[in-house]
Amino acid sequence: MVNRILVFLALMVWGPLSAREAVTPEVIIPRVASYTLADGSFTPAVGSTFSVEAKGADGAEAFCAYLESLSFVKDGTKKAAMRFKVGPAVLKGKPEEAYVMTIGKKGISVEAAGFDGAFYAVQSLLQMLHASEDGALAACRIEDSPRFRHRGLMLDVSRHFQSKDFILKLLDAMALIKMNRFHFHITDNQGWRIALDCAPEMVQKAAFGSSKFYNNILSRMPIGFCDVPEGYVTGTVYDDGRIYGGYYSKEDIREIVDHAAALHITVVPEIELPGHNRELLHVHPEFYCDGEHVVDNVFCAGNDDALRFFERVLEEVMELFPSQYIHIGGDEADKDNWAHCSRCRERMKAEGLKDEFELQSYVIRRIDKFVSERGRRIVGWDEILQGGLSDNATVMSWRGTDGGIKAMEMDHDVIMSPNTYYYFDYGQDAPYKEPIAFRSYLPLETVYNYDPEDMGGHLLGVQANLWTECVIDPGHCEHMFYPRAYAVAETGWSPAGLKDYESFRRRALVLNKWLMEQGYDCFDLEHEAGERPEALKETFNLAKGSKAVLKLGDGPAEDASILVDGYLGKWDIHSGKTWKNVRRKEFCADIDLGCEKDIHYLGAEFVDYPIRGYNVPADTEFYVSSDGVNYTRVDVPQARLSTGRKHFQIYTVGSPVNIKARYIRLIFNTGSTKFGCGISEILVS
Ligand code: ACM
């Protein structure tokens with residue numbers, strides 16, 4: 001096994017100890033649980049020797065091979081520079097991932113209950129060595145073990161395919177930060193990415209571009225050509241004939257799983273069901289419901305052939321992936337087709353299911369039984385709670401944390417992966433300097449500050465997800481992963497009480513530099529712009545504190561005090577905290593200043609973020625009134641562009657005026673083809 005990221009160690013020249021300060025464990029990500037410093041330091045020489053004493057622990061051979069891949073040299077004697085002692089009795093009562101590492105003046109000794117722990121000691125050591133300019137390590141004793149069992153990253157390779165080599169490189173970086181679960185999202189609407197003997201037609205007909213299963217977001221993305229194997233049916237998404245796609249052979253999958261295993265990472269495959277199956281229905285239209293097709297990506301829950309298809313797929317997937325957990329999706333399955341389908345209704349009647357939610361639960365329970373009978377366990381997105389949670393299911397909470405909390409209350413295991421903190425398809429810096437993203441702003445500090453609460457020992461851990469609707473090439477994926485993955489790794493590993501963003505950010509800069517030297521395309525944390533400065537300080541608004549309401553069509557007026565709170569919008573335009581999101585083409589905001597006032601400026605701030613349906617209004621009309629009944633139009637003509645990337649623009653509409661009024665009305669519409677609008681402030685002065 002060649003560890004791609006770390007072979008550079010062979011090239012490092014560790015000279016004699018100089019006057020520079022020796023590196024301490026303080027540089028490590030994730031932060032170690034505890035350490036004490038001692039006098040002196042140790043500088044391992046090039047080709048440092050190691051010995052391994054396995055006392056009833058499995059995995060010595062693979063561990064030695066791993067150390068040799070880093071250019072360390074095996075030495076059976078007690079004189080080796082690094083001495084590993086591994087076995088359950090070595091660190092009694094500690095988990096297999098725990099380790100104690102002592103760096104003395106003459107060498108390094110590691111004790112661990114299992115080879116996971118020995119492996120993690122090496123990761124700590126590598127980070128210290130890298131951070132040291134001359135290889136000098138401060139003498140110390142580290143006692144370390146993880147906070148959670150599951151420390152994961154998910155990559156969606158359906159929306160945009162990534163090569164096997166890219167995945168191997170990702171695994172290398174994960175290992176370095178002690179992450180141990182790679183969640184492989186290999187099937188979804190936009191492409192089936194795994195070649196299986198039981199369903200060869202799936203990659204033949206749904207691994208390369210077809211307008212049937214590509215959606216509108218993808219078709220707007222500038223993705224490149226790829227070679228299509230002979231005999232593989234393709235469609236074209238693009239007028240210019242470009243074709244996009246790819247899949248993994250069983251050989252590729254084995255290589256990924258083996259590489260991960262050598263890095264103490266488990267690959268958890270995800271086969272999406274019953275929703276997110278547009279690609280399946282493209283190949284197997286017979287799995288559609290028989291009534292009206294309201295949606296095109298949910299298979300018929302009354303069709304046993306469709307369920308048997310998934311059982312065959314899962315059987316083969318379980319042969320390829322030794323993971324105890326198999327992810328079966330379960331999210332965002334629209335139930336409308338089922339409501340119109342005779343077979344679904346028959347199934348509901350036969351099984352005594354009262355609604356379509358219980359029908360979904362029936363599907364999940366059936367798959368759960370199939371997987372559990374084969375000695376594995378299912379994990380699914382939090383929608384599997386709907387209609388009743390299957391007995392053995394573990395819940396991955398993505399729509400915030402509520403689903404996870406509810407599942408833990410029901411004594412189910414949970415992995416916290418809330419979109420509000422851990423969705424890496426969201427932008428991480430000022431959107432004007434970032435690539436297009438599914439949501440506008442989720443910076444490193446926000447990711448870092450999330451801290452999950454365990455309930456009854458049911459919280460298995462944490463995971464971040466990279467969906468790739470807007471993330472195309474390998475460099476872009478890496479940009480979204482690093483350094484935010486380090487933050488998840490630290491939350492998953494380090495004791496909660498040790499979390500400290502300032503310390504973390506310093507260490508993240510060091511690790512980023514190293515990964516960038518190794519060819520990773522990390523986000524440039526050093527030049528992070530941060531939150532929108534104009535939104536951090538209060539801006540004068542004569543209307544501050546006034547009564548403000550939004551009127552949408554004939555519906556009741558809703559509170560819109562956010563529009564006169566004196567604050568412009570922050571980069572996060574989705575959370576409703578500083579922007580009012582209006583999912584209408586036309587709407588009207590009314591402000592009552594309480595008494596007549598002199599007004600010298602009228603304006604408003606809007607955001608244009610077309611990928612998520614926020615559009616700058618085509619028309620804005622300002623009106624004023626003294627009595628709230630008779631309104632006069634005020635001419636406010638200017639529109640000013642304040643940030644300059646096409647996918648994210650903030651516009652200010654505004655003009656000097658010279659009027660007296662108590663009531664202000666703003667009417668705006670988004671134009672004939674647009675839908676929805678974001679407004680942060682109505683500016684009155
Ligand atoms: C999800 O983001 N639909 C799990």
Side-chain angles (χ1 to χ4, degrees), residues 532 534-535 537-555 557-569 573 578-610 613-644 646 648-685:
R532 185 179 178 212
E534 300 92 316
K537 53 184 187 316
E538 192 171 341
T539 194
F540 176 76
N541 193 338
L542 190 66
K544 187 176 175 191
S546 303
K547 183 166 187 253
V549 293
L550 263 185
K551 289 181 186 150
L552 312 168
D554 299 333
E558 60 177 81
D559 176 66
S561 46
I562 194 174
L563 299 184
V564 288
D565 63 355
Y567 284 91
L568 299 177
I573 61 172
T578 59
W579 293 89
K580 189 88 189 162
N581 304 322
V582 191
R583 294 283 163 191
R584 287 291 176 101
K585 278 192 179 174
E586 240 185 46
F587 42 100
C588 158
D590 271 341
I591 299 170
D592 176 0
L593 297 175
C595 61
E596 206 163 57
K597 291 186 180 171
D598 288 323
I599 301 173
H600 301 292
Y601 181 89
L602 269 182
E605 180 176 83
F606 297 96
V607 67
D608 193 44
Y609 198 65
Y614 297 87
N615 300 287
V616 75
D619 293 316
T620 47
E621 293 171 9
F622 282 88
Y623 296 83
V624 293
S625 164
S626 298
D627 57 9
V629 178
N630 302 304
Y631 280 85
T632 315
R633 174 116 188 238
V634 183
D635 194 22
V636 178
Q638 298 100 322
R640 180 166 61 81
L641 183 68
S642 67
T643 72
K646 227 176 157 191
F648 182 96
Q649 295 175 341
I650 292 176
Y651 286 90
T652 305
V653 175
S655 175
V657 293
N658 193 9
I659 47 182
K660 242 184 194 320
R662 170 173 172 177
Y663 299 94
I664 299 167
R665 173 168 289 171
L666 173 58
I667 296 179
F668 32 124
N669 80 63
T670 56
S672 58
T673 58
K674 312 267 178 81
F675 185 76
C677 186
I679 174 169
S680 77
E681 192 76 359
I682 295 179
L683 305 152
V684 187
S685 58

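For the single chain, residues carry numbers from 1 onward in sequence order.
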From [atom1] ([X]) to [atom2] ([Y]), nearest 0.5 Å:
X: Glu534; Y: Thr539; atom1: CD; atom2: OG1; answer: 9.5 Å
X: Glu596; Y: Ser626; atom1: CD; atom2: OG; answer: 4.0 Å
X: Phe587; Y: Leu666; atom1: CZ; atom2: CG; answer: 8.0 Å
X: Cys595; Y: Arg662; atom1: SG; atom2: CZ; answer: 7.5 Å
X: Asp592; Y: Ile664; atom1: CG; atom2: CD1; answer: 9.5 Å
X: Thr578; Y: Leu563; atom1: OG1; atom2: CG; answer: 11.0 Å

Determine whether [X] and [Y] make a side-chain contact, defined as any pair of heavy atoms from C-beta on separated by less than 4.5 Å.
X: Glu621; Y: Phe668; value: no
X: Tyr663; Y: Asp590; value: no
X: Leu683; Y: Leu568; value: yes
X: Val549; Y: Glu558; value: no
X: Leu542; Y: Ile599; value: yes
X: Ile667; Y: Thr620; value: no
X: Val684; Y: Leu602; value: yes

Strictly distance-based, threshold 3.5 Å: is any side-chain N or O of [X] a donor or acceptor partner for the main-chain N or O of [Y]?
X: Asp608; Y: Gln649; answer: no
X: Ser625; Y: Asn630; answer: yes
X: Ser680; Y: Gly569; answer: yes
X: Asn541; Y: Ile682; answer: yes

Practice item. Report, as yes or no, whether the 6.0 Å neighbourhood of atom NZ on Lys597 holds more than 12 heavy atoms from other residues, nucleotides or ligands. Key: yes
Check your understanding: Going by an N to O cut-off under 4.0 Å, is there a salt bridge joining Asp565 and Lys544?
Key -> no
Practice item. For the pair Lys580 and Glu681, find out whether any cationic side-chain nitrogen is under 4.0 Å from an anionic carboxylate oxygen. Key: no
Study note, to complete from the structure: In short, ring-ring contact (aromatic ring centres under 6.0 Å, His included) pairs touching residues 614-635 with sequence neighbours left out are His574-Tyr614
I need the minimum non-hydrogen distance between [X] and [Y], along with the two atoms involved.
X: Trp579; Y: Arg532; result: CZ2-NH1, 4.5 Å
X: Ala548; Y: Val564; result: CB-CG2, 3.9 Å
X: Leu593; Y: Ala661; result: CD1-O, 3.7 Å
X: Ile679; Y: Phe606; result: CD1-CE2, 3.8 Å

Point to revise | Phe648-Tyr609 aromatic ring centre distance below 6.0 Å | key: yes
Check your understanding: Could you walk me through whether Ile591 and Lys547 pass the side chain to side chain contact (heavy atoms under 4.5 Å, CB included) check?
Key -> CA-CA 6 Å; Ile591 299 170; Lys547 183 166 187 253; over 6 Å; no
